[in-house]
Amino acid sequence: MARGARALGGKQNLRMGFPSFRSMEIPEERTALDDFMEKWEQELAEKRAVEESKRQEAVAAAAKALDEHKKQADIARQKRYETNRNSEQVKLEQLESEGTGNPWDRVVGLIDVTSQDSSVANTSRMKSVIIQVKNKPLEGTRALEAAA
């Protein structure tokens with residue numbers, strides 16, 4: 001080996017006659033930058049740990065809130081189903097009790113003839129026509145007109 005290669009403690013690059021850079025040892029000296037970088041990495045690791053714990057808490061709180069919301073929605077849905085079943089049962093009983101009488105009696109029963117709200121469109125003419133048809137069925141008036 002060449003004399004320079006022995007002094008550096010490395011192998012000599014055989015092609016060029018120079019010592020190999022891989023074999024050269026660089027002494028490690030602690031600098032202020034190294035201290036800062038180490039401290040910075042520790043702070044980042046602590047911040048990541050705090051952030052991860054907060055994220056886990058938020059995920060757990062969100063899952064709990066979602067479960068509570070689903071329970072409340074199920075309760076509200078069941079109440080709505082029960083109310084609808086009851087109102088449907090009442091309606092069916094009402095239809096059965098009316099029987100097969102004059103169908104116009106049922107129509108007039110569905111119309112609120114006492115409402116006089118000014119914000120609603122004027123339906124007085126429609127109500128009077130329906131009541132008139134109830135009192136004088138169309139078949140009777142048609143038969144009278146045909147006879148005349």
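- Neither side chain, E46 nor Q42, offers a donor N or O lying under 3.5 Å from an acceptor on the other.
- Between S87 atom OG and K91 atom NZ the span is 9.5 Å, to the nearest 0.5 Å.
- Atom CZ of R125 sits about 11.0 Å away from atom CD1 of I130, to the nearest 0.5 Å.
- Taking CZ from F36 and CD from E43, the interatomic distance works out to 7.5 Å, rounded to the nearest 0.5 Å.
- Distance check, rounded to the nearest 0.5 Å: CG of D34 to NZ of K39 gives 14.5 Å.
- Side chains of T83 and N86: a donor-acceptor N/O pair is absent below 3.5 angstrom, by distance only.
- E68 pairs in a side-chain hydrogen bond (donor to acceptor under 3.5 Å, both in side chains) with only one of the listed residues (K70, Q72, K64), which is Q72.
- The pair R30-E38 meets the salt-bridge criterion, since a charged nitrogen lies less than 4.0 angstrom from a carboxylate oxygen.
- Taking the salt bridge (charged side-chain N to carboxylate O under 4.0 Å, His left out) definition, one finds that R77 meets it with D74, sequence neighbours left out.
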Starting from the C-alpha separation in whole Å, work towards a yes-or-no answer on salt bridge (Lys or Arg N to Asp or Glu O under 4.0 Å) for R85 and E82.
CA-CA 5 Å; R85 277 189 225 113; E82 186 66 29; 3.0 Å; yes
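- Every residue two or more places apart in sequence or in another chain that forms a salt bridge (charged side-chain N to carboxylate O under 4.0 Å, His left out) with R55 is listed here: E52.
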